[in-house]
Amino acid sequence: MGMFQRDRQVFADAEPLDDSYEPEDIRERDEELEKYQRALQPIIDNRPTSNIFLYGKTGTGKTVATKFMLSHLENDATEYDDVDLSTVWVSCENLSSSYQVAVALVNELRESQDKDRISTTGYSQQRVFDILYEEIDALGGTVVIVLDEIDNIGHSDDILYGLPRARSNGYVDDVRPVIVGISNDFQFRDNLSPKVKDTLAEKEILFPPYDANQLRSILNPRAEKAFHDDVLDDDVVPLCAAFAAQDTGSARQAIRLLREAGELAQAADSDTVTEEHVRDAQDELEKNQLYEGMQELTTQGHAVLCALAYHQALDDVPVRSRDLYERYVKICDRLDADSVSERRVRDHLSDMNMLGLISVYERNEGLSAGRYHEYELDVPLKAVLEVLLSTTRFEELANIIESTADDNNLLQSDISDY
DNA sequence: CTTCCACTGGAAGATCTGGCCT
DNA sequence: AGGCCAGATCTTCCAGTGGAAG
């Protein structure tokens, strides 16, 4: 028997379960699409067009709906000689300011023309805006600018002020910019500065989370294409839908669950995908998210995490911040690394709390002992150690903590059971 | 009802990195 | 080379907090 054999295949074609897959019809969003179409119609009619903002949590179909509408729009615009339409798409996922968004837009616009990209730092903000207006001006006609996940820019919203007014301010001549903003945050609009609020978001479309029924309806056609016949147990799709509906109402989450369940079934060389695979997939995805969160911490973040892991290994949790800070300083000394202020460590702890890595308990013992926080790990110690072991800097220390924990019998729990 | 502990967390600004400009 | 720019990380300062003790 050879070392490699073809696995039994549960997947017929995994593409419909890919994040980038664009279905030919969009389900359960009829009302939203209709609104969307009405909002874009003026472009075809050569009338002034309002900016459009889409609000809804991740995985509620905003991006897919936009891709769908724009491809139709682009297609239909070619039917009319007097409609000159261009579109630019920028995902603001890793962009935290208007400045960076402007740079990304310039680079996106230049990409299509083989011009040089510009650097993400070094220019003044106005300089980048000027370059951006130049590029937009060169396009002419109606320019639809899609800013995906625009809420990442937070309060730095200058670009939302500048772009819609580019024409009235004389920065561009023969161009009609239309901004399509996509936000995961319902409150994004409320947090905009007043001057931006007035100009923007004349048309708003809300994308509510999907319920379990809707998720089933989204999953079913994809599941049919992605898997061979009779591979999926009857309760697999409903369970994926139920898990995702309960958690976030995100189609993306539901689809990922389904794919992961399929992959687990395939890896186990199983004929069918079962409810059990879905449950395992759910655990697996949660675990991955936490691992990623831990890996992406800075060195200082790792040091703080390391200090907390040490306390956990000594079975000395929850720890109050004072004691944790002492431990942290000792760890830094030992590693010959700089330590940061107590205040800063509190910030790191609160970040880790946001990521779901640790738990915080508020204590208040009044006049005798005052008010303070206590912390403990919210993920298995073993998982933390695994991450620390993979960094050169903390490797040695992680080994020490591991043996300490071993002495205290705190590692029995397998990583897979959380 | 007041006191008061031991922090917490907001604000402002310093320092450092990487990169552009002339 | 020297000045300038934006962002990330960090420091310093300190008003504010809330429940047990008095």
Side-chain angles (χ1 to χ4, degrees), chain A residues 90-110 115-135 147 149-163 187 191 193 293-308 311 316-333 335-355 357-376 391 393-394:
Chain A
V90 163
S91 165
C92 308
E93 196 181 348
N94 300 310
L95 312 174
S96 59
S97 68
S98 278
Y99 180 89
Q100 292 175 337
V101 171
V103 171
L105 271 171
V106 168
N107 286 333
E108 187 62 33
L109 286 166
R110 290 195 167 183
K115 286 206 236 169
D116 289 340
R117 299 170 62 85
I118 61 173
S119 151
T120 53
T121 53
Y123 301 101
S124 69
Q125 174 159 304
Q126 196 50 54
R127 182 91 178 79
V128 177
F129 278 23
D130 288 344
I131 299 173
L132 177 57
Y133 292 140
E134 231 171 76
E135 295 293 338
L147 302 174
E149 302 192 42
I150 184 64
D151 47 307
N152 269 331
I153 67 167
H155 297 278
S156 155
D157 52 16
D158 300 1
I159 190 147
L160 296 180
Y161 182 71
L163 274 179
Q187 267 124 58
N191 296 334
S193 54
M294 278 193 275
Q295 243 139 18
E296 281 164 14
L297 294 173
T298 60
T299 305
Q300 286 299 336
H302 281 142
V304 175
L305 188 63
C306 189
L308 186 53
H311 274 278
D316 179 22
V317 280
V319 226
R320 62 189 303 164
S321 48
R322 183 168 60 191
D323 300 338
L324 184 62
Y325 184 69
E326 264 178 46
R327 174 115 276 142
Y328 156 83
V329 171
K330 275 187 198 152
I331 285 175
C332 288
D333 282 351
L335 293 175
D336 225 1
D338 291 337
S339 53
V340 298
S341 65
E342 260 187 276
R343 178 69 187 84
R344 186 64 189 138
V345 167
R346 279 206 291 280
D347 279 343
H348 281 298
L349 285 167
S350 122
D351 287 351
M352 288 192 257
N353 186 35
M354 291 290 181
L355 288 170
L357 298 176
I358 65 177
S359 302
V360 185
Y361 308 101
E362 284 191 43
R363 293 281 134 85
N364 192 335
E365 282 164 50
L367 184 141
S368 60
R371 213 173 141 246
Y372 55 93
H373 283 179
E374 288 187 325
Y375 304 89
E376 78 180 323
T391 65
R393 198 145 204 185
F394 292 94

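Note: hydrogens, waters and symmetry copies are ignored here, and every other heavy atom, side chains too, is used.
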> Hey, what are the protein-to-nucleotides 5-7 of chain C N/O distances that come in under 3.5 Å?
{"residue": "C:dA6", "atom": "OP1", "partner": "A:Q125", "partner atom": "N", "Å": "3.3"}
{"residue": "C:dG7", "atom": "OP1", "partner": "A:S97", "partner atom": "OG", "Å": "2.2"}

> Nearest whole Å is fine: how far is C:dC13 C1' from A:E342 CD?
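Result: 14 Å.
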> Is the shortest side-chain heavy-atom distance between A:R393 and A:H302 below 4.5 Å?
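No, too far: nothing below the 4.5 Å cut-off.
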> Can you measure A:R344 atom CZ to C:dT11 atom C1' for me and round it to whole angstrom units?
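Value for this atom pair: 10 Å.
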> Verify the distance criterion only: is there a donor paired with an acceptor across the side chains of A:Y372 and A:E362 at less than 3.5 Å?
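Note: A:Y372 and A:E362 side chains miss the donor-acceptor criterion.
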> Going by number, which of residues 320-329 of chain A have a non-hydrogen atom under 4.0 Å from DNA chain B?
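Contacts with DNA chain B under 4.0 Å: A:R320, A:S321, A:R322.
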> What parts of residues 297-304 of chain A reach DNA chain C, counting only heavy atoms under 4.0 Å away?
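Contacts with DNA chain C under 4.0 Å: A:T298, A:Q300.
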> When the distance from NE2 of A:H348 to P of C:dT9 is rounded to whole Å, what number comes out?
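Result: 8 Å.
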> Are side-chain N/O atoms of A:Q300 and A:Y328 paired as donor and acceptor at under 3.5 Å?
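Distance-only check passes for A:Q300 and A:Y328.
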> Should A:T298 and A:H348 count as side-chain neighbours, where that means a heavy-atom distance under 4.5 Å?
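Heavy-atom side-chain distance check passes, below 4.5 Å.
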> Which residue lies toward the 5' end of DNA chain B, A:L367 or A:Y375, if each is placed at its nearest nucleotide?
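Nearest nucleotide further toward 5': that of A:L367.
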> Under 4.0 Å between a Lys/Arg side-chain N and an Asp/Glu carboxylate O for A:R344 and A:D347?
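Salt bridge flag = yes for A:D347 with A:R344.
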> Could you check how far CZ of A:R371 sits from P of C:dA20, rounded to whole Å?
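To the nearest whole Å, that distance equals 13 Å.
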> Hey, are the side chains of A:L305 and A:M352 touching, using non-hydrogen atoms and a 4.5 Å cut-off?
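They are in contact (side-chain heavy atoms under 4.5 Å apart), so the answer is yes.
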> Salt bridge or not for A:D323 and A:R327, using N-O below 4.0 Å?
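No salt bridge links A:D323 with A:R327.
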> Under the 3.5 Å rule, do the base of B:dG10 and the side chain of A:R343 count as making a donor-acceptor pair?
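Such a pair exists between side chain and base.
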> Given atom OH of A:Y372 and atom P of C:dG19, what is their separation to the nearest angstrom?
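It is 14 Å, rounded to the nearest whole Å.
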> Given B:dC21, C:dC10, C:dG19, identify the nucleotide with an atom nearest to the side chain of A:R127.
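Per side-chain heavy atoms of A:R127, the pick is B:dC21.
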> Under 4.5 Å between any side-chain heavy atoms of A:V103 and A:N107, yes or no?
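When only atoms from C-beta onward are counted, A:N107 and A:V103 do touch, with a gap below 4.5 Å.
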> Is any side-chain heavy atom of A:C306 closer than 4.5 Å to one of A:I331?
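Yes, side chains in contact.
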> Taking only N and O in the side chain of A:H373, is any of them less than 4.0 Å away from OP1 or OP2 of B:dA6?
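So the side-chain polar atoms of A:H373 never come under 4.0 Å of the phosphate oxygens OP1 or OP2 of B:dA6.
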> May I have the distance from A:E362 (atom CD) to C:dG16 (atom P), rounded to whole angstrom?
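These atoms are roughly 18 Å apart.
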> Which whole-number value in Å describes the distance from A:Y361 OH to B:dC7 P?
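Value for this atom pair: 19 Å.
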> Separation of A:D130 atom CG from B:dC20 atom P, in whole Å?
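Checked: the CG to P distance equals 18 Å.
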> For the residue pair A:Q125 and A:D158, confirm or rule out a side-chain donor-acceptor distance under 3.5 Å.
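A pair is found: one side chain offers a donor N or O, the other an acceptor, under 3.5 Å apart.
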> How about A:R346 and A:Y325: do any of their side-chain heavy atoms sit closer than 4.5 Å?
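No, too far: nothing below the 4.5 Å cut-off.
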> Any non-hydrogen side-chain atom of A:L297 less than 4.5 Å from a side-chain atom of A:L357?
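Yes, side chains in contact.
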